[in-house]
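These notes are about the structure you will find just below.
So that the names make sense, note that chain A is the first sequence line, chain B the second, and so on, each numbered from 1.
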Amino acid sequence: MSKYSGFDEDDFYDEDEDRDQDEVLSPEDHKQMEDAVTQVKNILRGTTATDAQIRDAVWNYYFDVDQSVKFLRDQLKRQENKRTNAAKKTAGSKAFRERALFADTITCRRRTGHYFNDEDLRLSKRLSSSSKPQPKIPLGSSCLYGISVFDGIPWGLPTSMNTDITYCGRPTRMGLLGGSSKLAALAKARAVKRQQQHEQNEPMEGIEPASPSTPSTASQPGSSLLLNTSVLPSRSDSGVSISKRLTSLLAERSRDRERTSSRAISPEKQSYLRRTGSYSPSISSYSPINSDLSSASGVFSENMPSSFATSLCDYSLPPPTFSSPASPSSFPGVSNVDVYGKTNNGMSADEIWKLITNKPFFYLPVTERQVEEIKSNFDKPSPDDIIKEAQATKGGTIGAGGSKKAQPQQKGSSRAELETEMKSLSIQELAMKASQPKQKINVVEKFISSRRKAHVNFVVVGHVDAGKSTLMGRMLYDVGAIDERTIQKYKRDANNMGKGSFAFAWVLDQSKEERERGVTMDVAMNSFESSKVAFTILDAPGHKDFVPNMIAGASEGDFAVLVIDSSPNAFEAGFVQSGQTKEHALLVRSLGVQRIIVAVNKLDNVNWSEYRFDEVKETLLAFLSAAGFSESQTTFIPCSGLCGDNIVNSSVRPELSWYTGHTLLEELENLTTVDRDIGAPLRMSITDVFKGNASSAINVTGRINAGNVQVGETVLAIPSNETATIKSIAIADQANDWAVAGDNVQVALSNIDIVHLRAGDILCAISSPVKCAKTFSARVIVFQLRIPLIKGSNVLIYRGRTTEAARILRLSALIDKGTGKITKHKPRHLVSGQSAIVELEVMGSSFPMETFKASKDLGRIVLRQEGITVAAGVVEEILSVKNEATNE
Amino acid sequence: MKLISKQLDKEGAGSIRLQPEEPVDLWHAYNLIQAGNILKASTFRRITKDKDRDLPGGGNGTPSTSGSSQRVQLTLAITVQKTDFDPTAGALHVSGPVAEESPHVRLGAYHTLDLALHRAFTLSKLSNAPWDSVALQTVASACDAASRAEVGAVVLQPGLANICLVTEHMTLLRQRVEVAIPRKRAADSAVAHDKAITRFYSAVAAAMQRHFDYGVLKAVIIASPGFSGEQLLKYLLETAAKDVDTGSSTAGSNKMLIKSKNNFMLVHCASGHVHALNEVLRAPEVLARLADTKFARESATLEKFFSVLSEGDEGGGVKAWYGPKHVAAAVDRGAVKTLLISDRLFRSDDVKTRKHYVAMVEQVRSQGGEALVFSSLHESGKQLDQFTGIAAILNFPIPELEEMSDDDE
């Protein structure tokens, strides 16, 4: 395969760049030039020919003194005649002007320090090659230009000008990616479109070469030949489009040329020249040969006639019309060559054509393979197209060295284009996923303006059988959230089960098992509204086996109600080391709750004794302040869930007259809500996932930890990394279009499968997904331990609904509780009451996590071991992230 | 394991021929076979016959260039380089270069022996790494039919269950059942919760049926926090009774289930995660029944270690230490009452390392202490492995240990 088989646009440019730099006059050329110039000067002494003119002429005629002299004389003569006979334009003078223009071109180029480019070179060399003394070849014997390629080598050209025609293999037309891909098809379609555009822009000038608009075109042998030959294949079936494109291109070029030539050589000329320079790559597109200076002419001559011949292979072709019969001046110095000579002698193009077609040997030298090769050469997109496109995109302003400049830009732009396309693809994908709400609500503003009722989420904790559920059931009943009929039914059913006192608890303990056993097992969520505040109750289980559920509940609450059984021995039972009163209080504190209301319950069992109340209060106060609750943030209320005293209504009981404080509800209403960052990226921890009754949507309940959410928004579920669209939002069973941090919501999600959602997952804003930690460091406070914590200890990490097995990787340091300063590095074990920095490794699946700094809610963890809470703490740093994690 | 022959010289070099009978025997074999040993066993190998030598014309229409290949059963001896054990699949692969001349395989060619049940193998140890006391003890315990006990264990919590088989030396996690259980919510959705719970139990019951052979198991432990275990047992017995009545395809195994009803044990544990097994196996009710089993002993010993460790300085100094350096120092001072060591340490490819630990075990035993080799396939062993794999309960505190650096970590 040749190096062109993997053909793409860039290849051209690289090559051209090289050549541009190579095209300097070689030392030999210089010497020849100097010699020739002196000779011409001598001959033309006394005329007005300038030095520059001579130089140009010499160069044009390739150091042929005679021809240069002849040309210069003609030129001078023409200059004289010019004014008098401006209208009388013969083909010769036209050609002469072309020459002059060309000479000027070169001069100009030299002046501006530009090297010759291909256009000039091709022209000059084309001319010079025909001006060389060539062996006399009879017209009949493959004397046409095309054939001469094959025996053109021994013509006595300077070695530097010899062409090494190397066959580099047929550049097969390869589409991008093998041509079968969609991309290739797309590129093809684009090429066709582009070409059609060209055709529209160029109204077929080139196809009618005889039209009056093009004589000057034809007078340029190079382009005219190209032009004419290119007309031919357009009539054959194959390569129609290619030839059309070529034609249009050439037409444009010649038009350019004409335009310039009609103008006097103007200041714009330089830019024009550059532009024509930018066409230079055309040569390489026709040639599989890596052309450099010395091979440029060879390349040209090889291709030109063969493409010509290719088209000639079609017998059915009508004779081409050589639009403007080659004039003597357009083929300067052809007098040595028969074919041109005859042309000069008045042979019409038709005659030539006949001559050609009558000679079957004419195309014999052109083998099938060559034909193929040539055809394939034209199969490639012309670089002119590409450059023109680049120019067009650049708004037609190309600075100095336009062609050179255009190349990297083209390269860059195509790559950039691809990149942006690729990006837009993915963006599109995401954008498709991220369907925006129809009407984007500025939730933050709305929240501020809405002045909705304060939402208070509180968790009810306490030792098992302290009466938490009954207390809350009573409260719901008293505020009218539960109707009388339901309560009566519960009472009846409970009595039938022999558990009459549990009727109020049944309001919250809904499951069959809970009712049978009379134990709350999972957190029950319920909501009600008072005149001032909307409440969400989280009734946590008190049994030690369900502490994980209690943690889940506590992580949803902002405040805590600690329920104490004040019955004889019951309080003490709950307050021992393993009792849940202590554990719960510590847990809610480590989960971020600062305000706690202690409901001293079941005072009816102790005859509303103030003494008992004070006893409980004192004991607890000491403990709670040690646990980190400030005294001002702690309130004690004597009450009875069963009797309903001091819950919603103040007690009228004379025995309780010693208490003058608030009722539980009043105290709850006085709670000031915590400020949360509602403008932050969304974080919502899922507490439950279930299928809706009617709709196909998946319902999730949970707590918005940060940010806000609105209907129609697309969110990302971590760790499954699946997107879902919010279909509806309900806060406390009330539908709402939006929700903000701190709300406990039920959200209906669409466009997601239920398998991608688990309790404990995080819904987050697509723009900032949560990380899934593999290892992380945490600051922990060690609780009462049965066995010390050592390196390698297995623990369970709890955060909200999420539970994950983990082990302690390293005990980094002991820290001082008060100051947080490190007191000892690498302790061997941790015992009760110590504070430490530990590194943990998550063993199981992904654990979406954030540092405490980033999120107060998601950065808090509880460590448990064998059913005992061993430590609680905050995530300090995420050390490594799960591979499969989702963070792109 | 069946001991077929034993030829050892004074230093302990020599060969022992064994036949694995049960999956756990492969685990023993895995602990016995070390790099550098010579293992001889029956195996299959694809032998390519060169057409020039053995089979003229290539035969069988296969391209003559490659000759023909045949799977040949042959007995090969290899010098062990690598062992690979998969406890779940019960497969042990040993690979290395062929060490003995064979008509089919040239010396030095690599081969992988797959040790299989009921197929004898001969393991030879050279004098540089002879059969030491720990290895011989492994052989003895492997061949002790009386010490075989298999217990089925299910640890569960609502929505998560782990079905395990616990043998003397291995804990095999057979299946993990996870069912999403919606939380109870207002009135109607409590039904969804109860439904999901039932679905969960039926999934667990099905998994148990698949993995437990009630006729063989010495006991079935059902452990959970809360009431899940209780409910599971209730569900199991109810459905089994129903099944037997209707005479469905699973009636046979359900009959066995009902028959072995008394083998079921309900134990409380903190969570449904596998490592709760450790807590389960040292529960008093389990110990009462399975006190003679190795795993119960291991769990109890580890528990003891932790309790001693948590006592801290109370007894005038710490009497529980872990880490190779500290324990070695304690052994040197003759202070070790109980040595807890993971079998992982004996599997070291480095002969010196193994010798070091073997010597430590022998020293403790000679001092009258107890050396307990933990199976790293048990939860207790895994936990021990996580803190260096070696620990010791001391008879008396050694203050010098406190000054020792922790660089072994």
Side-chain angles (χ1 to χ4, degrees), chain A residues 486 508-514 517 519 521-526 541 543-549 552 687-691 693 699 701 733 746 754-755 757-759 785-788 790-794 796 801 803-805 807-808 810 826-829 831-832 843-844 864-868, chain B residues 157-160 178 180-194 196-197 224-228 230-231 268-276 278-279 302-303 305-312 318 320-323 326 379 382-389 391 402 405-406 409:
Chain A
T486 314
L508 292 132
D509 293 351
Q510 294 277 349
S511 87
K512 197 173 119 221
E513 208 184 347
E514 283 178 328
R517 295 182 191 278
V519 171
M521 287 159 77
D522 202 348
V523 178
M525 201 164 92
N526 234 305
H543 193 284
K544 68 172 167 127
D545 279 350
F546 307 117
V547 171
N549 294 338
T687 52
D688 192 16
V689 180
F690 58 99
K691 274 213 167 109
N693 291 339
N699 291 318
T701 58
D733 297 332
Q746 179 175 327
I754 197 160
V755 297
L757 294 166
R758 273 185 325 177
L785 290 177
R786 196 175 49 83
I787 53 170
I790 57 173
K791 190 181 94 173
S793 293
N794 283 320
L796 289 174
R801 274 281 156 182
T803 316
E804 222 32 271
R807 70 188 175 94
I808 296 176
R810 192 167 295 120
K826 283 192 170 183
R828 278 187 78 77
H829 56 254
V831 293
S832 306
M843 315 274 275
R864 283 168 61 85
Q865 213 179 27
E866 298 183 357
I868 297 163
Chain B
Q157 68 190 38
L160 170 71
E178 249 182 307
I181 294 179
R183 282 168 64 192
K184 57 171 185 174
R185 238 164 295 95
D188 57 347
S189 60
V191 179
H193 171 84
D194 291 344
I197 288 277
S224 79
F227 315 103
S228 305
E230 203 178 311
Q231 278 188 313
H268 178 270
C269 71
S271 78
H273 291 265
V274 194
H275 64 221
N278 193 33
E279 182 189 350
L302 189 67
E303 169 70 6
F305 169 78
F306 280 128
S307 64
V308 174
L309 188 64
S310 63
E311 274 170 24
V318 184
W321 288 96
Y322 66 91
H326 290 81
E379 278 307 314
K382 273 181 196 162
Q383 211 170 330
L384 181 63
D385 263 350
Q386 273 159 16
F387 52 97
T388 69
E402 314 239 6
S405 67
D406 291 347
E409 279 185 54

Next on the checklist: Let's test your reading of the structure: which of A/Val831, A/Thr687, A/Leu785 forms the most heavy-atom pairs below 4.5 Å with chain B?
Outcome noted: A/Thr687
Checklist entry - Would you call the rings of B/Phe305 and B/Tyr322 parallel, tilted or perpendicular, where under 30° means parallel and over 60° means perpendicular? => result perpendicular
Item to check | Residues that A/Pro541 engages under side-chain contact (heavy atoms from CB on, under 4.5 Å), provided they are two or more places apart | outcome: A/Thr520, A/Val523, A/Phe546, A/Asn549, A/Met550
Item to check | NZ (A/Lys544) with more than 12 external heavy atoms under 6.0 Å | outcome: no
Checklist entry - Side chain, backbone, both or neither: which part of B/Leu160 has a non-hydrogen atom closer than 4.5 Å to chain A? => result neither
Next on the checklist: Applying side-chain contact (heavy atoms from CB on, under 4.5 Å) to A/Ser793 and B/Gln386, what does each step give before you reach the verdict?
Outcome noted: CA-CA 7 Å; A/Ser793 293; B/Gln386 273 159 16; over 6 Å; no
Checklist entry - Of the backbone (N, CA, C, O) and the side chain (C-beta and beyond), which part of B/Gln231 lies under 4.5 Å from a heavy atom of chain A, both, or neither? => result side chain
Item to check | Listed partners of B/Asp385 passing salt bridge (Lys or Arg N to Asp or Glu O under 4.0 Å), at least two apart | outcome: B/Arg344
Checklist entry - Considering only heavy atoms, which portion of A/Arg801 lies under 4.5 Å from any heavy atom of chain B: side chain, backbone, both, or neither? => result side chain
Checklist entry - Under a 4.5 Å heavy-atom cutoff, which of B/Lys382, B/Gln383, B/His268 has the most pairs with chain A? => result B/His268
